[in-house]
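Below is one structure, written out as structure tokens; comments come after it.
Residue numbering restarts at 1 for every chain, and letters A, B, ... go by the order of the sequence lines.
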2 protein chains.
Amino acid sequence: MSHLGYPCVMPVDRDHVLRSAAALLTRKSTATMDEVARAAGISRATLHRHFAGRDALVRALESLGIAECEAALDAARPDEGPAADAVRRLILAVEPSAALLAFLYTENQLFEGEQQHAGWTRIDDRIATLFRRGQASGEFRIDLTPAWLTEALYGLLASGAWAVLEGRVAPKDFTFMITELLLGGALRRTNQ
Amino acid sequence: MSHLGYPCVMPVDRDHVLRSAAALLTRKSTATMDEVARAAGISRATLHRHFAGRDALVRALESLGIAECEAALDAARPDEGPAADAVRRLILAVEPSAALLAFLYTENQLFEGEQQHAGWTRIDDRIATLFRRGQASGEFRIDLTPAWLTEALYGLLASGAWAVLEGRVAPKDFTFMITELLLGGALRRTNQ
DNA sequence: CGCCGGTGAGACAAAGATGTCTCATCTGGG
DNA sequence: CCCAGATGAGACATCTTTGTCTCACCGGCG
């Protein structure tokens with residue numbers, strides 16, 4: 001049994017590997033294990049020592065995305081204050097994870113038969129609950145279902161992440177664009 | 001040289017094949033040529049006789065998507081009347097193509113090096129022009145760029161298509177949900 | 001100094017997808 | 001009736017990716 005100290009050559013930083021993989025797979029969702037390994041600066045053999053296979057890697061990314069979403073939800077305090085402000089805090093908190101979420105969001109579309117990770121259900125519920133609270137308080141319109149608002153939030157986060165990646169939107173405008181469109185829409189307000 | 005009449009056994013309906021492929025690939029973007037062929041009710045050999053390879057098939061789907069987008073834009077008359085009404089007509093006209101567009105939208109993310117089809121640029125321009133017209137007329141707010149509104153429209157169409165496919169949103173609500181969220185946002189209007 | 005744990009490089013077979021080919025079959029038209 | 005044209009089924013080689021394995025290397029630790 002080891003003594004929990006640092007190994008000799010330079011241990012693989014599991015978190016760094018996951019983040020490199022997320023960054024690459026967001027741009028090229030069909031990247032091979034070899035490309036993922038190169039992107040992380042390690043060999044394919046080492047990558048395979050830490051993640052049994054491509055499935056295991058994707059599942060690890062999914063767990064990371066779920067954890068970051070939960071953390072963002074916790075940080076956003078969705079039960080405090082006006083619901084609109086809570087949505088703003090949520091989008092701000094989730095921005096660093098947007099690219100990873102964009103990858104997972106599209107990747108999940110092909111989990112046809114298999115049941116999706118239970119963590120997503122919980123996150124969906126927490127976000128939908130926030131929108132429902134805003135409807136109950138009279139802040140949000142009631143003719144758009146919480147489920148759709150939740151789905152739309154995911155879609156806008158993905159669109160925003162890709163638009164930033166391709167240079168069509170400035171990174172600094174990311175949060176503003178998503179927040180304002182989701183809450184206020186494109187129409188000009190006649191009064192506030 | 002043939003006489004342009006119908007062949008003998010039962011000619012392959014190219015349009016039907018493309019639509020079957022679009023429906024399948026929207027749900028499972030990694031489907032194999034064999035799965036695509038089965039979904040269309042033809043053999044892999046025949047599929048390969050009509051589309052040289054997977055690339056050719058995807059490019060044909062891209063052309064179909066572009067053609068349908070152009071047709072939807074023409075039908076929506078984006079230069080007539082209030083810009084908001086034109087956006088409503090556009091979303092209504094593009095609804096039948098939403099699933100195909102959702103597939104192409106995510107697929108295009110991995111056209112990293114290669115230049116994307118010029119047709120998309122033209123469509124992007126036409127949509128952005130519509131939003132710009134709405135801003136100039138005072139209908140739309142000017143703090144959301146036309147490029148972002150265009151991107152958001154794609155994202156909402158994709159989210160809506162998936163939400164319908166997975167049963168999270170009723171098909172009949174598709175147009176309403178997207179139109180209202182894009183134009184009006186989630187916040188309740190204090191007055192109209 | 002020598003051992004031990006972790007890594008990189010590369011070989012290797014297995015699995016899956018693709019592209020091509022052949023052959024039998026079927027049907028409408030001459 | 002017979003043929004031309006198009007399809008379906010299947011065999012086949014090829015390519016890519018994957019998963020596993022071996023071997024050499026390196027650096028801290030005893």
Closest approach of [X] and [Y], non-hydrogen atoms and distance?
{"X": "Trp148(A)", "Y": "Leu156(B)", "value": "CH2-O, 3.8 Å"}
{"X": "Arg168(A)", "Y": "Ala147(B)", "value": "O-CB, 4.3 Å"}
{"X": "Ala84(B)", "Y": "Leu183(B)", "value": "O-CD1, 3.9 Å"}

Check the distance between [N]'s [atom2] and [X]'s [atom1] and give it to me in whole angstrom.
{"X": "His48(B)", "N": "dT22(C)", "atom1": "NE2", "atom2": "C1'", "value": "16 Å"}
{"X": "Leu57(B)", "N": "dG19(C)", "atom1": "CG", "atom2": "P", "value": "10 Å"}
{"X": "Leu47(B)", "N": "dC21(C)", "atom1": "CG", "atom2": "P", "value": "17 Å"}
{"X": "Arg14(B)", "N": "dA6(D)", "atom1": "CZ", "atom2": "P", "value": "15 Å"}
{"X": "Met33(A)", "N": "dT20(D)", "atom1": "CE", "atom2": "P", "value": "10 Å"}

_Nearest heavy atom decides the nucleotide; on that basis, is Gly41(B) or Asp34(A) closer to the 5' end of DNA chain D?_
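It is Gly41(B), whose closest nucleotide lies nearer the 5' terminus.
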*Start at the 5' end of DNA chain D and walk down; is the nucleotide closest to Ala52(A) or to Glu35(A) reached first?*
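Its nucleotide being nearer the 5' end, the pick is Glu35(A).
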Donor-acceptor pair, distance only, cut-off 3.5 Å: does the side chain of [X] make one with the backbone of [Y]?
{"X": "Gln135(A)", "Y": "Phe140(A)", "answer": "no"}
{"X": "Arg141(B)", "Y": "Gly185(A)", "answer": "yes"}
{"X": "Arg133(A)", "Y": "Pro78(A)", "answer": "yes"}

*asked:* Looking at dT18(D), I'd like to know if its phosphate oxygens (OP1 or OP2) sit under 4.0 Å from a side-chain N or O belonging to Arg54(A).
replied: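 Yes, within the criterion.
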*Look at His50(A) and dT7(C) and indicate whether a side-chain polar atom (N or O) is within less than 4.0 Å of OP1 or OP2.*
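Checking dT7(C) against His50(A), a side-chain N or O does come within under 4.0 Å of OP1 or OP2.
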Please enumerate all protein N or O atoms sitting under 3.5 Å from an N or O of nucleotides 9-13 of chain D, with distances to 0.1 Å.
none

